[in-house]
Asks: 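Could you have a look at this structure, given as structure tokens, before my questions?
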Amino acid sequence: MRIVSFVHFAAALTARHPISHSHKFLTIRRPLQRQFSYNSLPLQMASSSVKAEAEPRKRSSNSNNTSNPPSRAEKKQKSGASSDIELLQSWIKHDNHTYHVDTFLTASQAYQIRTRLVSWYRANRRQLPWRGDPGPLYDGSTVGYAASASSTASSKGKKKKGGKKDDGSNDGKDIRSFFGGASKVKREKNTNESEEEKKEESETPSSMEVKEESNTIEFSAYGVWVSEIMLQQTRVEAVIKYWIKWMDSFPTVHSLANATPEEVNAHWAGLGFYRRARLLHAGAKRVVDEYGGIVPNNVDELMKVEGIGRYTASAIASIAYGVEVPVVDGNVCRVLSRLTGIANHIKAPVMKDDLGWELAEKIVKARSSSASMKADDDNLGTPGEVNQALMELGATYCSPAGSGIDANDPLVEFYVSTRLGRAIGHVTNSKDGATRDHIEDLVAKGAFGTDKNKSRCRLCELNGASNAFYSISDRIAADLSTSPNVKLETVSAIAGHACLPIPPPKKAKREEVLAVAVISSRVADDDQLRWLMVKRPSEGLLAGQWEFPNVEVWTSAKADVKKGKKDKAKIKSKAAIEVPIIDPTKRSKALDSFISGILDEPIAKKKRKQIKDAPITHIFSHVCHTMWIEYNHLDEDIALNKRWKLENGREAGWMSEDDMKDVGITSGVHKILAKVKIM
């Protein structure tokens, strides 16, 4: 049965901002400016292009000459769109992790990425004391930028009080002021940390009276080690003063090893996670006892030292000793996801502990294919520069708030995320029904395929490409509805970048099992298929949205209450809650009772076919729905009233696909309908 999905309804959505369903979306836009500000990117870009577009459109609509050949720019745009759609098809269909490397991280591409990163880093890197930079001024943070970047397009271009336009420029701060000492918000912990450390309460670093001398503290492996430990779970701007005071009191490994626990603790007070200080102190003693006070210069030996895991060992080895090893943290994982189209979250083990390191290694070890440049290529930079550039980029232009289209982003030409976004925007808003149906058919098969023997990409989450497709299309629809004058290409590129990597799952998310009834029928003398829909209550989750009739048959919230407070606490600490399989008979009876309040009882209790292969999982920010589907097509002639009120105050109705366009159905409904269509 040919799939007619509803993703392409994005362009017709009303101005009401639809709720994001499959994922917790990042509602962010950024400006294409030299300032490091993201707030108004779409409108700032559009401000120069919307007017330029308006006149040609006006002239075209008033012109009787429809035979003008396409311009060179139009041909190039059409060619680019075609190329992106081909990319989209291959991305949806890929089934092996090698696809990401072989397609987007070839030797040539990795070399170009490396040299672009090094050039950008050398010109713009932050001035920090542990890098051997002179003082006394070390300042800057990404926190303010990230916060301001999260505003939605609805606030862009609006005027402030006094008639000034809010352009999101962060009071005119230039990008160079940020790189004078800004930071990423957090660094990942090393892999040696225990559960006890993760539970330890953190503190907000207190202010310290530290005189920042202009004398440069000599760069050393020990200084890098101390900085990496301090930066775990602590902001750069907070660490700077602590690091300077620490190095003033304990300038060498020997001096730290000889310090008392009280002295060490006093210098750490305010940073929180005190176990880090204890391990650093113990590590210094080991380095003195076993390595003569010299910090080891390779990853294997470094990982034998207390408190040093793979990440910290790799950082020290590459930055201090030039060892050609990758360094992978959350920022690097984000960059890799957007460069190669990985539909997974940055905390996925395969990313942060496994294949993510192999991808980063491709960049860190990249070389030119030119024989004349292999011997001495200064453009390559050192491994430490490459690793720090990747982390720096992930904290700035490629942060969660990054747009992917900022001309100052050194990798703007390499992001697969923006190309995928443009392709999805083109497909879902195109009048070419054949292409749209073909793509949506691939998406539906990818999301609901039942072939258990089919190989899958290890880097992407299960059904990751399909879920990302829905997320991006939802984001495009939302942005177009709030910023109708912004170019589709701009909106789509930003949406693709914002939705990759996908958001990580949250712990102890409430689980709910739903039984869903999908009932279709036709009106006499009308071939258009109609579906029974109900409107959700005006308050709560998905308030006022239309959906298929459904009932909750199990929830973890009630299960927690039954288990008591002690067991409830244990459940909340788990990464996932075990969701039971509810008896099909119980699900059907619950639906019969609910539908009897919508349709006449004889019709309501007509037998529905249960789709048994697998339920649909739909994730919100705080709850996860496991939906079991039952389907029935009514052959009888029924008076299909357009809408009617139910006794409980809710509304019901039979909706065609055009009707669903008008009300803007959710991604959850998209998924359910797509699954029914391929039965």
Side-chain angles (χ1 to χ4, degrees), residues 1-9 21-22 92 428 433 436-451 463 466-467 469-470 473-474 512-523 526-536 542 545-553 581-582 584 587-588 590-592 594-595 598-599 603-619 625-636 638 640 652-661 663-679:
M1 190 173 193
R2 188 170 68 89
I3 301 172
V4 183
S5 180
F6 302 98
V7 178
H8 59 284
F9 291 163
H21 311 293
S22 299
I92 294 171
T428 56
R436 183 174 59 247
D437 290 346
H438 173 63
I439 293 295
E440 291 171 356
D441 179 55
L442 292 177
V443 173
K445 287 179 179 177
F448 310 121
T450 57
D451 184 1
N463 300 330
S466 298
N467 288 334
F469 178 93
Y470 286 121
S473 59
D474 273 1
E512 294 178 354
V513 178
L514 306 180
V516 182
V518 180
I519 301 175
S520 62
S521 187
R522 297 181 188 275
V523 179
D526 186 355
D527 289 335
Q528 199 169 24
L529 202 63
R530 283 177 167 78
W531 309 84
L532 180 64
M533 308 286 284
V534 293
K535 193 174 184 179
R536 291 185 66 87
L542 302 179
Q545 292 286 334
W546 286 88
E547 63 184 5
F548 294 113
N550 66 84
V551 291
E552 178 192 286
V553 293
I581 297 178
I582 306 301
R587 299 199 305 258
S588 292
L591 277 174
D592 288 344
F594 181 76
I595 298 173
I598 305 174
L599 302 174
I603 299 175
K605 292 190 175 181
K606 281 185 173 294
K607 187 174 180 61
R608 298 175 296 275
K609 178 182 178 182
Q610 294 196 359
I611 303 178
K612 300 179 179 179
D613 56 349
I616 293 177
T617 300
H618 199 66
I619 302 173
H625 284 169
T626 299
M627 301 180 288
W628 292 91
I629 315 302
E630 298 184 12
Y631 172 69
N632 185 28
H633 178 75
L634 302 176
D635 294 321
E636 299 89 340
I638 302 174
L640 299 180
W654 292 93
M655 288 192 179
S656 66
E657 295 175 7
D658 288 337
D659 295 329
M660 293 182 187
K661 267 189 192 179
V663 300
I665 60 173
T666 69
S667 290
V669 176
H670 281 308
K671 289 183 178 181
I672 294 170
L673 199 54
K675 185 161 188 174
V676 171
K677 290 278 189 176
I678 63 173
M679 288 176 52

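What you see is a predicted model, and the numbers here were worked out from it, not measured in a lab.
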Asks: Kindly indicate whether the side chain of I92, heavy atoms from C-beta on, has any atom under 4.5 Å from the side chain of K445.
Replies: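 No. Closest side-chain heavy atoms not under 4.5 Å.
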Asks: Please report the shortest heavy-atom distance between L591 and A515, naming the atom on each side.
Replies: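 The answer is CD2-O, 3.3 Å.
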Asks: Below 4.5 Å, heavy atoms only, C-beta onward: do V669 and Q545 meet side chain to side chain?
Replies: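 No. Closest side-chain heavy atoms not under 4.5 Å.
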Asks: Could you check whether any side-chain heavy atom of M533 comes within less than 4.5 Å of a side-chain heavy atom of M660, counting everything from C-beta outward?
Replies: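 The answer is yes, as the side chains (C-beta and beyond) meet within the 4.5 Å cut-off.
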Asks: So, the side chain of S466 versus the backbone of V443: is there a donor-acceptor pair under 3.5 Å, distance only?
Replies: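 Such a contact is found between S466 side chain and V443 backbone.
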Asks: H633 versus S520: any side-chain heavy-atom pair under 4.5 Å?
Replies: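 In short, these two side chains touch, coming nearer than 4.5 Å.
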Asks: Quick one: closest heavy-atom pair of S588 and Q610, and the distance?
Replies: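 Taking S588 first and Q610 second, the nearest heavy atoms are OG-NE2, 2.7 Å.
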Asks: Please check if the side chain of D659 supplies one atom and the backbone of S656 the other of a donor-acceptor pair under 3.5 Å.
Replies: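 Answer holds: yes.
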Asks: Which heavy atom in A652 sits nearest to a heavy atom in I598, and how many Å separate them?
Replies: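 Minimum heavy-atom contact is CB-CG2, 3.9 Å.
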Asks: In the structure I gave you, are the side-chain heavy atoms of I519 and W654 within less than 4.5 Å of one another anywhere?
Replies: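 Of all side-chain heavy-atom pairs linking W654 with I519, at least one is under 4.5 Å.
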Asks: At their closest point, which heavy atom of W628 faces which heavy atom of I611, and how far apart are they?
Replies: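 Scanning both residues completely, I find the closest heavy atoms to be CE3-O, 4.3 Å.
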Asks: Checking side chain to side chain donor-acceptor pair (under 3.5 Å) against E630, which of K609, R587, R608 comes through?
Replies: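 So the option named by the test is R608.
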Asks: Evaluate the side-chain proximity of E552 to V513: yes if any heavy-atom separation is below 4.5 Å, no if none is.
Replies: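 No, their side chains stay 4.5 Å or more apart.
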Asks: Which word best sums up how the rings of W531 and F548 line up, parallel for under 30°, tilted for 30 to 60°, or perpendicular for over 60°?
Replies: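 Rings of W531 and F548: perpendicular, over 60°.
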